[in-house]
Amino acid sequence: MPELPEVETTRRGIAPHLIGHCVDKVIVRDGRLRWPVPRNLNSLLKGQEITAVSRRGKYLLLITLHGTTIIHLGMSGSLRVLDTDTPAVKHDHVDICLDTGKCLRLHDPRRFGCVLFTRDEPLQHELLNELGPEPLEADFTVDYLFEHSRRRKAAVKLFIMDSHIVVGVGNIYASEALFLAGIRPSRPAGRVTRAEYIKLVEAIKRVLTAAIKAGGTTLRDFTASDGRPGYFSQQLNVYGRKDEPCRVCGQTIKHSILGQRATHFCPHCQH
DNA sequence: AATCGCGCCTGACGGC
DNA sequence: TGCCGTCAGGCGCGAT
């Protein structure tokens with residue numbers, strides 16, 4: 001389940017293998033992703049030089065002179081850089097082969113991800129143009145989050161997972177950040193105080209930064225890695241720890257459902 | 001405008 | 001061992 005840290009780790013891992021190189025060909029073995037992979041992706045990319053690999057939220061952007069390839073990993077997607085002649089295995093849906101003999105290979109069992117192409121300014125694309133700020137950028141501030149939360153009745157966990165508010169805060173790190181900030185996930189966002197949002201913004205930035213760092217330390221060479229950066233090695237305080245003792249106070253971690261998603265919290269540490 | 005629930009899809013897992 | 005039901009989960013979308 002790639003969250004922002006895994007996507008960013010992926011971006012950093014693949015970028016050196018792509019930037020400055022030209023696409024030799026694109027192989028689409030199964031284009032039935034969340035949206036169909038463009039049938040003409042090969043002709044769009046063939047011969048084009050990848051000039052940059054960037055990210056907006058959990059979307060990866062491969063920039064070429066005539067357009068941008070937009071990739072999302074969904075729930076189960078991963079990208080690896082392999083020798084082009086490496087045999088494809090089940091769920092290896094798309095290869096972007098380079099003139100270096102390497103290829104960028106998308107593996108996505110559940111096919112919730114996507115590979116799209118736009119000729120226009122990518123940030124104006126309909127999937128990207130209404131996204132909130134990046135959580136690790138300077139414009140994601142306490143003032144911003146606090147102002148947007150007023151009169152909001154939705155649970156604060158769903159509020160910070162809303163990509164219109166802030167991008168890249170998925171189920172795992174929303175739970176972890178709320179734990180660090182001492183806030184119950186079910187609290188209406190509009191009832192969370194400014195003092196608590198100070199803690200929450202700090203916690204979101206801290207937990208994501210730590211996870212990226214963990215991914216970066218595990219990732220030595222993205223080539224032939226297993227495609228799963230090691231941020232899972234980061235110690236989780238609440239997520240997936242239902243009925244286990246809180247690492248801080250020892251009380252039993254509770255579990256509930258918010259917006260059809262598993263939500264974990266410590267009833268003693270979070271109010 | 002905000003909020004809520006749905007469904008896409010497959011692998012893992014638990015029960016029998 | 002094998003079969004089957006259930007669950008997980010990002011996120012766009014339609015309904016309210």
Side-chain angles (χ1 to χ4, degrees), chain A residues 1-11 28-37 55-61 70-79 88-94 106-116 118 122-135 144-177 185-192 204 208 211 226-229 231-232 236 238-243 253 255-264:
Chain A
M1 52 202 92
E3 292 225 21
L4 185 142
E6 185 168 6
V7 177
E8 175 61 18
T9 299
T10 296
R11 187 192 70 77
V28 179
R29 296 186 194 80
D30 188 346
R32 298 174 303 158
L33 301 184
R34 174 157 200 172
W35 295 284
V37 177
R55 178 185 61 74
R56 179 73 176 97
K58 296 180 187 172
Y59 293 91
L60 285 166
L61 308 175
I70 301 173
I71 300 175
H72 197 288
L73 300 177
M75 269 293 302
S76 57
S78 60
L79 287 167
V89 299
K90 193 176 182 183
H91 307 307
D92 283 346
H93 303 312
V94 179
L106 174 69
H107 179 89
D108 186 5
R110 294 182 192 178
R111 308 209 310 267
F112 281 14
C114 67
V115 178
L116 299 172
T118 179
L123 298 184
Q124 297 308 313
H125 189 275
E126 56 187 9
L127 288 174
L128 307 181
N129 64 6
E130 292 181 346
L131 294 178
E134 292 284 331
Y144 167 84
L145 201 59
F146 180 74
E147 295 303 333
H148 283 78
S149 71
R150 295 306 88 184
R151 290 176 298 284
R152 289 266 196 156
K153 293 173 183 162
V156 61
K157 175 165 177 267
L158 300 182
F159 176 65
I160 60 173
M161 290 177 67
D162 182 345
S163 64
H164 296 98
I165 297 301
V166 57
V167 297
V169 181
N171 199 38
I172 297 174
Y173 293 121
S175 294
E176 293 299 313
S186 57
R187 291 259 303 280
R191 299 293 176 86
V192 174
I204 290 170
L208 293 177
D226 66 358
R228 281 185 74 182
Y231 75 94
F232 282 125
L236 300 176
V238 287
Y239 183 82
R241 299 194 64 241
K242 181 190 180 206
D243 297 335
I253 299 298
H255 170 274
S256 69
I257 303 295
L258 279 178
Q260 293 96 252
R261 288 180 187 82
T263 300
H264 300 80

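First the proteins, then the strands, lettered A, B, ... as listed; each starts at 1.
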Participant: Can you tell me how far C1' of B:dC9 sits from CZ of A:Arg34, to the nearest Å?
Facilitator: 11 Å

Participant: OP1, OP2 of B:dT10 versus side-chain N and O of A:Lys90: anything below 4.0 Å?
Facilitator: no

Participant: For A:Leu116 and C:dC11, give me the distance from atom CG to atom P, rounded to whole Å.
Facilitator: 14 Å

Participant: As an exercise, state the distance from NE2 of A:His91 to CZ of A:Arg110, rounded to the nearest 0.5 Å.
Facilitator: 10.0 Å

Participant: Rounded to whole angstroms, how far apart are NE2 on A:His164 and P on C:dC11?
Facilitator: 12 Å

Participant: For A:Glu130 and C:dC11, what is the distance between atoms CD and C1' respectively, to the nearest whole Å?
Facilitator: 14 Å

Participant: Taking 4.0 Å as the cut-off, does a side-chain nitrogen or oxygen of A:Tyr173 come that near to OP1 or OP2 on C:dG10?
Facilitator: no

Participant: Whether the side chain of A:Gln124 engages the backbone of A:Asn129 through a donor-acceptor N/O pair (distance < 3.5 Å, no angle test) should be reported.
Facilitator: no

Participant: Using OP1 and OP2 only, check whether a side-chain N or O of A:Lys58 sits under 4.0 Å from C:dG10.
Facilitator: no

Participant: May I ask you to evaluate whether A:His91 reaches the phosphate of B:dG11, defined as a side-chain N or O under 4.0 Å from OP1 or OP2?
Facilitator: yes

Participant: Let's go through A:Thr10 and A:Arg55 carefully: what are the C-alpha distance in whole Å and the side-chain angles of both, what is the deciding distance for side-chain contact (heavy atoms from CB on, under 4.5 Å) to 0.1 Å, and is it a yes or a no?
Facilitator: CA-CA 10 Å; A:Thr10 296; A:Arg55 178 185 61 74; over 6 Å; no

Participant: So if I take every side-chain heavy atom of A:Arg261 and compare against B:dC9, C:dC11, C:dG12, which nucleotide ends up nearest?
Facilitator: C:dC11

Participant: Would you confirm whether A:Arg150, through its side chain, and A:Gly190, through its main-chain N or O, come within 3.5 Å as a donor-acceptor pair?
Facilitator: yes

Participant: Separation of A:Leu33 atom CG from C:dG12 atom P, in whole Å?
Facilitator: 15 Å

Participant: Check the distance between C:dG12's C1' and A:Glu126's CD and give it to me in whole angstrom.
Facilitator: 10 Å

Participant: A:Leu73 has an atom CG; how far is it from atom P of C:dG10, in whole Å?
Facilitator: 13 Å

Participant: Within less than 4.0 Å of OP1 or OP2 of C:dA8, is there a side-chain N or O belonging to A:Arg110?
Facilitator: no

Participant: Using a cut-off of 4.0 Å on non-hydrogen atoms, how would the nucleic acid contact of A:Leu127 be classed: base, sugar-phosphate, or nothing?
Facilitator: sugar-phosphate

Participant: So is the aromatic ring of A:Phe112 stacked onto the base of B:dC8, judging by whether the centres are under 5.5 Å apart and the planes are under 30° apart?
Facilitator: yes

Participant: Ring-plane angle category for A:His148 and A:Tyr144, please: parallel below 30°, perpendicular beyond 60°, tilted otherwise.
Facilitator: tilted

Participant: Expressed as a whole number of angstroms, how long is the span from A:Met161:CE to C:dG10:C1'?
Facilitator: 8 Å

Participant: A:His255 or A:Tyr59: which one's nearest nucleotide on DNA chain C is closer to the 5' end?
Facilitator: A:His255

Participant: Does A:Ile165 form a side-chain contact (heavy atoms from CB on, under 4.5 Å) with A:Leu145? I'd like the steps, not just the answer.
Facilitator: CA-CA 8 Å; A:Ile165 297 301; A:Leu145 201 59; 3.6 Å; yes

Participant: So, do A:Val169 and A:Asp162 sit near enough that their side-chain heavy atoms are less than 4.5 Å apart?
Facilitator: no

Participant: Of the listed nucleotides (C:dG12, B:dC9, C:dG10), which one gets closest to any side-chain atom of A:His72?
Facilitator: C:dG10

Participant: Can you check nucleotides 1-4 of chain B for protein contacts, nitrogen or oxygen pairs under 3.5 Å, and list what you find?
Facilitator:
{"from": "B:dT3", "atom 1": "OP1", "to": "A:Lys153", "atom 2": "N", "distance (Å)": "2.6"}
{"from": "B:dT3", "atom 1": "OP1", "to": "A:Ala154", "atom 2": "N", "distance (Å)": "3.1"}
{"from": "B:dT3", "atom 1": "OP2", "to": "A:Arg152", "atom 2": "NH1", "distance (Å)": "2.9"}

Participant: Should A:Leu236 and A:Glu176 be marked as a side-chain contact (heavy atoms from CB on, under 4.5 Å) after you check the CA-CA gap, both sets of side-chain angles, and the distance that decides it?
Facilitator: CA-CA 7 Å; A:Leu236 300 176; A:Glu176 293 299 313; 3.7 Å; yes

